[in-house]
Structures are given as C-alpha cells and as structure tokens.
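Here is the structure we will look at.
All residue numbers in this chain count up from 1 along the given sequence.
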Amino acid sequence: MAVLVGSIVQGAVGFGLGLVAAPMLTLLAPDLMPGAIQVVNLTLPLFTLAVEWRKVDWRGVGFAILGRLPGSALGAVIIVYVSVYTRGILVAVMVLVAVALTARALSVPRNSYTITSAGFVSGVTGTATGIGGPPIALVYQDAKGPQIRATLAMFFFLSAAQSLAILAFVDELPAQALLTGGVLIVPMVLGFLVSGPLRRHLDGGRVRVAVLVVAAASAVGLIAQNVVTQLWGS
C-alpha cells in the first residue's frame, strides 16, 4: 500500500515514492532496506521516461550525478558502519526534514552549484536510506511539470542503479531485498497507471498536505518503533 500510494504521488508530481514508502518499509523490514526500495526506484522512472523523456534537463542531470558520486560513497560508509536502529532513526529524521522544507516551499535558485550540492545530499540520503528525491525536487520546484517529472525520473534511474551497485559492492544487498523489491514492482506499476489520469485533475494543495501528513506520521511512527525496540532490547 505504501509503494502504491508513493507511486501515485511520484507519477503525478515527479517524486514522493521514497518519502512515502521508505519509512513504512524500514518499519516492517529494516534488514531489507534500502535495497528493496532502490529496486522500485530503478523501475518506476522508466515509465515516466517512456512518456516524457524529451523534457529531460540533461545539463542539470549531469551536475546532479556529478554531486551524487561522492555522496553515494559517504552513504555507503553509513550503511556499513551505522546500525540498523540508527539508520531507522536517520530515515525518520530525513523524512521530517524533507517534510518541513517542502511545507515551507523554500525557493532555491537553480544553477550548477545548487544542483551539484543537491545531488551530493541526495547521494548520501538515497544510498543510506532510500530517500533521495527531496533535495533535487526542491531545486526544480519552480520548473514546469513535465520537466520536473522527466528530469527527476532520469536522475532517479541513474541514482538507483548507482546505489544498487554500491550496496552490492559493500555486501549490503541481500537476495531477499532484491526479491522483495521485485514483488513491490506490481503495486508500483498500478500506482503509476492510476497517476496518469490524475495528473490534470489533482488539486495540488490538498494532495500535497495529505502527503506531508502521511509522511510525517510514518516518520514519527518509525522513531517510536525504533525507540521502543531499543528500550525493550536493553
């Protein structure tokens, strides 16, 4: 359900899959994250690109990937040396930060420096937690809908491929994570199909508020679950 809802949101506005689904997946199966969500992150953009690939801002994608390379390396270090419990808290905190920034609708100038910086932050958070969309989305929030969706889709596709390769290299990509990610492609496809007819009719204000509330609630629940598990274990 989390992947279905996240795919509807991302199909309509360009990002949101990780923001909605990652907290729930981390809550239910922390050992399979972020590999499982990255399989979905790799697949969903292909559907968007099949429709809107002509709108990709290739220059921006280039700068974003340039920044993401070192960010992904740092994210891999976090995966290897940081516990599952701490990573769960990190996922929740990143979601809450993304929600706060998105709710404030900060205006970020779009240039080579900001795009590269956003790519770096996205590399860290995307590789470590599966949530890499908000930094890039903030930079492109003033662009037109098709350009946002197409550019983010290309960036997410390349980013997910990079993250999966790094996770495999550091032996943090179990077969079960790949299998789970493959199963989650089914609700992802359904979500994308639902998002198509909704793009022209969604009321951005109400949907945006609902997404932020759900994401924030998931993050708070994840923090509570991790704290209770830690206290119970001790």
Side-chain angles (χ1 to χ4, degrees), residues 3-22 37-69 71-72 98 101-102 105-123 125-127 130-165 181 184-185 187-204 207-208 211:
V3 170
L4 175 68
V5 174
S7 299
I8 293 173
V9 174
Q10 182 156 320
V13 301
F15 83 109
L17 173 59
L19 190 66
V20 174
I37 193 65
Q38 290 295 5
V39 173
V40 184
N41 286 338
L42 179 73
T43 310
L44 178 56
L46 297 177
F47 289 83
T48 300
L49 290 172
V51 178
E52 298 181 311
W53 64 271
R54 294 180 180 83
K55 301 296 183 179
V56 174
D57 176 14
W58 291 103
R59 180 174 179 274
V61 169
F63 281 118
I65 293 297
L66 180 66
R68 200 181 196 279
L69 289 171
S72 295
L101 292 177
T102 305
L106 296 177
S107 179
V108 179
R110 188 164 73 249
N111 52 51
S112 59
Y113 175 77
T114 57
I115 295 175
T116 304
S117 299
F120 175 80
V121 176
S122 178
T125 62
T127 301
I131 302 174
I136 296 294
L138 283 173
V139 174
Y140 275 91
Q141 64 179 312
D142 293 330
K144 293 182 178 180
Q147 185 183 49
I148 294 175
R149 290 191 294 268
T151 302
L152 293 184
M154 179 56 69
F155 175 74
F156 292 155
F157 172 74
L158 296 174
S159 298
Q162 183 188 90
S163 291
L164 286 170
L184 292 174
I185 289 176
M188 178 274 291
V189 172
L190 294 176
F192 181 81
L193 293 176
V194 171
S195 73
L198 291 177
R199 281 178 199 156
R200 298 179 182 177
H201 306 291
L202 283 175
D203 183 337
V207 171
R208 181 169 170 268
V211 169

- prompt: Are Ser159 and Leu42 close enough that some pair of their side-chain heavy atoms sits under 4.5 Å apart?
  reply: no
Under the side-chain hydrogen bond (donor to acceptor under 3.5 Å, both in side chains) test, residues paired with Thr114 that sit two or more places apart: Asn111
message: On a heavy-atom basis, which atom in Pro135 and which in Val121 lie closest, and how many Å separate them?
response: CG-CG1, 3.8 Å
query: So, the side chain of Gln38 versus the backbone of Gly126: is there a donor-acceptor pair under 3.5 Å, distance only?
result: yes
- request: Would you check if Met188 and Leu4 make a side-chain contact, meaning some heavy-atom pair closer than 4.5 Å?
  value: no
message: Would the distance check show the side chain of Ser7 and the main-chain N or O of Gly191 forming a donor-acceptor pair, the cut-off being under 3.5 Å?
response: no
Can you give each donor-acceptor pair under 3.5 Å made by side-chain atoms of residues 150-158, sequence neighbours left out, with the distance rounded to 0.1 Å?
| residue | atom | partner | partner atom | Å |
| --- | --- | --- | --- | --- |
| Thr151 | OG1 | Asp57 | N | 3.0 |
| Thr151 | OG1 | Gln147 | O | 2.8 |

query: Distance only, no hydrogens: is a donor on one side chain within 3.5 Å (strictly under) of an acceptor on the other, for Arg68 and Ser163?
result: yes
- line: Looking only at heavy atoms, the pair that brings Gly181 and Val40 closest together is O-CG2, 3.9 Å
task: Answer whether the closest heavy-atom distance between the side chains of Phe47 and Leu193 falls below 4.5 Å.
output: no
Non-hydrogen side-chain atoms of Leu17 and Val9 separated by less than 4.5 Å: no
task: Go through the steps for Leu66 and Phe120 under the test side-chain contact (heavy atoms from CB on, under 4.5 Å), then give the verdict.
output: CA-CA 8 Å; Leu66 180 66; Phe120 175 80; over 6 Å; no
- request: Grab the two heavy atoms, one from Ile115 and one from Phe63, that are nearest each other, plus how far apart they are.
  value: CG2-CB, 3.8 Å
- request: Please report the shortest heavy-atom distance between Thr125 and Gly132, naming the atom on each side.
  value: OG1-CA, 3.8 Å
query: Heavy-atom distance under 4.5 Å between the side chains of Val56 and Leu49, does that happen here?
result: yes
- prompt: Going through the distances and angles, do Ile8 and Phe192 end up as a side-chain contact (heavy atoms from CB on, under 4.5 Å)?
  reply: CA-CA 5 Å; Ile8 293 173; Phe192 181 81; over 6 Å; no
Spacing of NZ belonging to Lys55 relative to CD1 belonging to Ile148, to within rounding of 0.5 Å: 13.0 Å
- request: Output, in order, the C-alpha distance, side-chain angles, deciding distance and verdict of side-chain contact (heavy atoms from CB on, under 4.5 Å) for Leu69 and Gln162.
  value: CA-CA 8 Å; Leu69 289 171; Gln162 183 188 90; 2.8 Å; yes
- prompt: Which is it for Val39 and Leu184 under the side-chain contact (heavy atoms from CB on, under 4.5 Å) test, yes or no, and what are the steps along the way?
  reply: CA-CA 9 Å; Val39 173; Leu184 292 174; over 6 Å; no
- request: Return the minimal non-hydrogen interatomic distance between Gly119 and Ile136, and the atom names on each side.
  value: N-CD1, 3.8 Å
